[in-house]
Amino acid sequence: MNLKTSLLLCAFFILPGAYADEPEIGGPQYLEEREEQSVVRSKRYYKAGKVELGVGGGILPYDSLFNQVMVGGRLTWHINDHYGWEILDFQLPFGSTSSVITSLVSNPTNSIQNLEAVKLGTSLGSSFLMSPFYGKIHFFGSQVAYLDIYVSFGLGLVNTQTLGFSLAAPTATQVSRGWDPSLNYGIGFKFFLNNSFTFFVDLRNYMTYSTTYGRRAFGSNFSASGGISIFLPGFG
């Protein structure tokens, strides 16, 4: 067997296996990856043109004055695989006054005799999403988790309530209430369960322009939430 025949046989058996995992030439996924000049080939899940509905719950971990949890949902349209519009972000925080406030205003020797704090209510927002990262995590040898990392920037309205506490009146007294503008931003992680469902973790700051002590200022309200989302037929 000469050298030329040997090379032809090697090409015949090796090349089909080398390209077995590539998308079909001319297929929808191949064309989309080529148009986007995608570095990651043969991605398992695509979001372009899909509408996503997510529901979940979370906490406000850095709010020491109120013990609050939140439930809500988000409706998102993925313009393409890297950019999206979170059409509606609806969150409903609820909870009670923490023991920190009671201890601060009930002790006569404490320097804080009059305390005002902002408590979050219903939140409505809309944000721009950017998903620059997509990855695969291998664990236990053969198991693979597909994940998508996104960042969000947006605006919204939050129904805030400014409450006052004092030594003479340790229970909450409403100082003001109304809808305040908010600046919302955060980072999130989506773990794909299949083509229709994902599990998400979202870390977001709702910066409300609220009133305390007779003056308006931005205040941070960090939230950590998680839940399940479903991809609906979209406009793609």
Side-chain angles (χ1 to χ4, degrees), residues 50-78 84-102 115-131 148-165 171-191 193 196-212 216-232 234:
K50 293 183 178 180
V51 176
E52 180 183 3
L53 176 62
V55 293
I59 59 174
L60 299 170
Y62 297 115
D63 190 348
S64 60
L65 302 181
F66 300 101
N67 299 315
Q68 290 204 96
V69 298
M70 56 195 305
V71 295
R74 297 185 175 102
L75 181 66
T76 305
W77 172 39
H78 295 279
W85 174 27
E86 193 175 77
I87 302 171
L88 177 63
D89 173 17
F90 169 79
Q91 302 297 325
L92 180 61
F94 59 92
S96 59
T97 303
S98 72
S99 58
V100 174
I101 288 182
T102 305
L115 176 65
E116 290 188 6
V118 176
K119 185 178 181 181
L120 295 189
T122 303
S123 172
L124 302 173
S126 185
S127 298
F128 172 75
L129 300 183
M130 182 171 60
S131 303
D148 190 53
I149 304 174
Y150 64 89
V151 291
S152 63
F153 307 91
L155 301 173
L157 291 172
V158 180
N159 189 5
T160 62
Q161 186 178 17
T162 301
L163 300 176
F165 304 86
T171 57
T173 302
Q174 181 171 296
V175 178
S176 64
R177 183 168 190 167
W179 289 91
D180 293 328
S182 66
L183 175 65
N184 312 325
Y185 61 89
I187 184 171
F189 307 84
K190 285 190 178 76
F191 297 89
L193 305 179
S196 299
F197 293 94
T198 68
F199 172 76
F200 69 85
V201 176
D202 190 276
L203 307 175
R204 199 168 298 203
N205 183 16
Y206 296 91
M207 293 190 65
T208 58
Y209 192 61
S210 306
T211 302
T212 51
R216 293 176 68 85
F218 277 105
S220 293
N221 300 279
F222 289 96
S223 69
S225 62
I228 296 289
S229 63
I230 180 173
F231 287 106
L232 306 174

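Basis for what follows: all heavy atoms, side chains included, without hydrogens, waters or symmetry-related copies.
- Within the 4.5 Å cutoff, the side chain of R177 has heavy atoms near those of the N159 side chain.
- In this structure, the separation between CG on L193 and OG on S229 is 8.0 Å, given to the nearest 0.5 Å.
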Steps toward side chain to side chain contact (heavy atoms under 4.5 Å, CB included) verdict (Y209, L183): CA-CA 8 Å; Y209 192 61; L183 175 65; over 6 Å; no
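- Environment of CZ in F218: crowded, with over 12 heavy atoms of neighbouring residues, nucleotides or ligands closer than 6.0 Å.
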Verdict with supporting geometry, T122 and W179, side chain to side chain donor-acceptor pair (under 3.5 Å): CA-CA 9 Å; T122 303; W179 289 91; over 6 Å; no
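- Partners of D202 by salt bridge (Lys or Arg N to Asp or Glu O under 4.0 Å), not counting sequence neighbours, listed by chain and number: R74, R204.
- Closest approach of L120 to Q68, counting heavy atoms only: O-OE1, 3.4 Å.
- Taking all atoms of both residues into account, the shortest heavy-atom contact from Y185 to M207 is CE2-SD, 3.6 Å.
- Contact detail for L203 and A224: the closest heavy-atom pair is CD2-CB, 3.8 Å.
- Summarising the geometry, atom OG1 belonging to T97 is positioned 5.0 Å from atom CZ belonging to F66; distances are rounded to the nearest 0.5 Å.
- In terms of heavy-atom proximity, Y150 sits nearest to L129 at CD1-CD2, 4.2 Å.
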From CA spacing to verdict: side chain to side chain donor-acceptor pair (under 3.5 Å), E116, T212: CA-CA 6 Å; E116 290 188 6; T212 51; 5.6 Å; no
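- Residues S223 and M70 are in side-chain contact: their nearest non-hydrogen atoms beyond the backbone lie under 4.5 Å apart.
- Classification of the H78-F231 ring pair by plane angle, with boundaries at 30° and 60°, yields tilted.
- Between the CG atom in L124 and the CD atom in Q91 there is a gap of 10.0 Å [rounded to 0.5 Å].
- Contact of the E52 side chain with the L232 side chain is not registered, since no non-hydrogen atoms from C-beta on lie closer than 4.5 Å.
- The two residues L157 and S182 come nearest to each other via the heavy atoms N-OG, 3.9 Å.
- Taking the six-membered ring for Trp and thresholds of 30 and 60 degrees, W85 and W77 have ring planes more than 60 degrees apart, a perpendicular arrangement.
- Nearest heavy-atom pair, L65 versus A117, reported as atom, atom and distance to 0.1 Å: CD1-CB, 3.5 Å.
- With sequence neighbours left out, F128 forms a ring-ring contact (aromatic ring centres under 6.0 Å, His included) with Y83.
- Side-chain contact between L75 and F90 is absent, with no heavy-atom pair separated by less than 4.5 Å.
- A distance of 11.5 Å separates OG in S127 from CD1 in I87, rounded to the nearest 0.5 Å.
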Check against side chain to side chain donor-acceptor pair (under 3.5 Å), Y206 and N184: CA-CA 5 Å; Y206 296 91; N184 312 325; over 6 Å; no
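- A side-chain donor from one of S210 and D180 sits under 3.5 Å from a side-chain acceptor of the other.
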Full working for side chain to side chain contact (heavy atoms under 4.5 Å, CB included) between L60 and F222: CA-CA 6 Å; L60 299 170; F222 289 96; over 6 Å; no
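- Once rounded to the nearest 0.5 Å, the distance linking CZ of F94 with CG of N67 reads 12.0 Å.
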